[in-house]
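So that the names make sense, note that chain A is the first sequence line, chain B the second, and so on, each numbered from 1.
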Number of protein chains: 2
Amino acid sequence: MAAELSLPAEEAADGGSQQIRDALREAIVERRLAPGTKLSEADVGKLFKVSRTLVRGALQALSYEGLVKVERNRGAFVAYPSPEEAREIFAARRQIEPGIVTAAARNAAPSDIVRLRHLLAEEQRLTGQRGRDARRAEIKASGDFHLTLAAIAGNSIMERFMDELVARSSLVIALYGQSTASSCGHREHEEIAAALETGDAEKACRLMLHHIDHIETDLDLRPKNGIDLREALAI
Amino acid sequence: MAAELSLPAEEAADGGSQQIRDALREAIVERRLAPGTKLSEADVGKLFKVSRTLVRGALQALSYEGLVKVERNRGAFVAYPSPEEAREIFAARRQIEPGIVTAAARNAAPSDIVRLRHLLAEEQRLTGQRGRDARRAEIKASGDFHLTLAAIAGNSIMERFMDELVARSSLVIALYGQSTASSCGHREHEEIAAALETGDAEKACRLMLHHIDHIETDLDLRPKNGIDLREALAI
DNA sequence: CGTGCAAATATTGTATACAATAGCCTGCAA
DNA sequence: TTGCAGGCTATTGTATACAATATTTGCACG
């Protein structure tokens, strides 16, 4: 019933709850777990061979970043963002990302540019491939571009905000994206990186805003009513 | 040992953990709980007459918004933001709040302006009073001004981000604020509200940035070494 | 055949019990 | 007196047990 969830067995210094959180998060962001999927505490616990206590902690954590919706006495579900939420997510990105790229343009060291270039190359490579796994990896790489920008910008708080927004965007695209093409225009990422390389913050900013617009334009934020039905039964 | 924590007994629809979280949050933001204070699970549990389970949930939640620091096998402490963190918090606010006021200027209905005016009046009233309680209430009112702006802006995600930033700012001011005067220049809030009332988004934006600058200028972000010492022993 | 109630089942909410780790205190030796 | 060693206590980490709440199933009745 539950999708396959690899447990990487990589132990961090923090509690085992963190590992569950990370595994679930990755599965959600990479869209292996569909929005609306129920995450039963007992089931997840059995998968990871831990008690419900730890699972609860992980689910609660994920609910704080909006990836999981917990309903009292009903359980946890992979978030199923409404069109309204989707709009808010992208509105938030439009408010936040210009500041990020501006700061990134100011801070970027040559090594940062290299890092970005590597990401873009990887993304490019994956674009050429076929198959579900390649698509997943591409989704991840595409998100990582934005997250790397946030890291370069050098404000860990903003970075965390972006983390949440990118993850939730992935859910939204999974639900409302219509173009068969990749999640994000890869070409636009390249242009942004180029602007950053030349230190042209203003241009990078503008490109980023266009980029976000393009992503959102590709969404079909419904009149669909099939969604509501499904939401009613799944959530 | 622990400061007095009122439990308002107001039951929300959500779990009892939420009430503990809210009570602790309020105590931290209003500076009744000093940064660095240890929050023992057993002690807090006894205060609220609940098991450690719920307390843990609350503490974990607070750690997600940066108000509490949880160290593995050591326990939870009221966050003790470093000067570096303080700078990041205000940098984030400078990146976020202009967008908020711009959106607020666009969205503000007359009733919103009324709400802001009420807040300002309350703030004004409290400024005139003396005593710790008045000071606490003033801190809260000052923060509420910024939060209300975020609410008016109409993006619940940005609102949550601001929630976190305002709360953490309160901690920073508690630690590094030096002016005996109130936390925030009250006068500046009034000017921002006035700009909003006339729909002058550009002006409101500019005033907000100045306002944030003023708050940060009032901080003494150390060469102090007493802080490090205290941090070493308390955290 | 459909509807509504009721017991049964399953799942979550909370508390408690047990395990593991950290910090402290005592006592001994140099 | 100082420094270290060892166990001792206190606190957190995790698992389990019990309680409360939803959901489902089955049956009776219209």
Starting from C1' on dT14(D), measure out to CD on Gln18(A) and report it in whole angstrom.
16 Å

Determine yes or no for a side-chain-to-main-chain donor-acceptor pair under 3.5 angstrom, with Tyr176(A) supplying the side chain and Pro81(A) the backbone.
yes

Can you tell me which residue pairs pass the salt bridge (Lys or Arg N to Asp or Glu O under 4.0 Å) test with a partner in residues 153-163 of chain B, sequence neighbours excluded?
Glu164(A)-Arg160(B)

In whole angstroms, how far is the C1' atom of dT11(C) from the CG atom of Leu59(A)?
13 Å

Could you tell me whether Asp22(B) and Arg25(B) have a side-chain N and a carboxylate O separated by less than 4.0 Å?
no

Thr53(B) side chain N/O closer than 4.0 Å to the phosphate oxygens (OP1, OP2) of dT14(C)?
no

Under a 4.0 Å threshold between the charged nitrogen and the carboxylate oxygen, would Asp213(A) count as salt-bridged to Arg94(A)?
yes

Considering only nitrogen or oxygen atoms on both sides, find all protein atoms under 3.5 Å from nucleotides 8-12 of chain D and state each distance.
unit_1	atom_1	unit_2	atom_2	d
dT12(D)	OP2	Glu41(B)	N	3.4
dT12(D)	O3'	Asn73(B)	N	3.4

Just say parallel, tilted or perpendicular for the rings of Tyr64(B) and Tyr64(A), cut-offs at 30° and 60°.
tilted

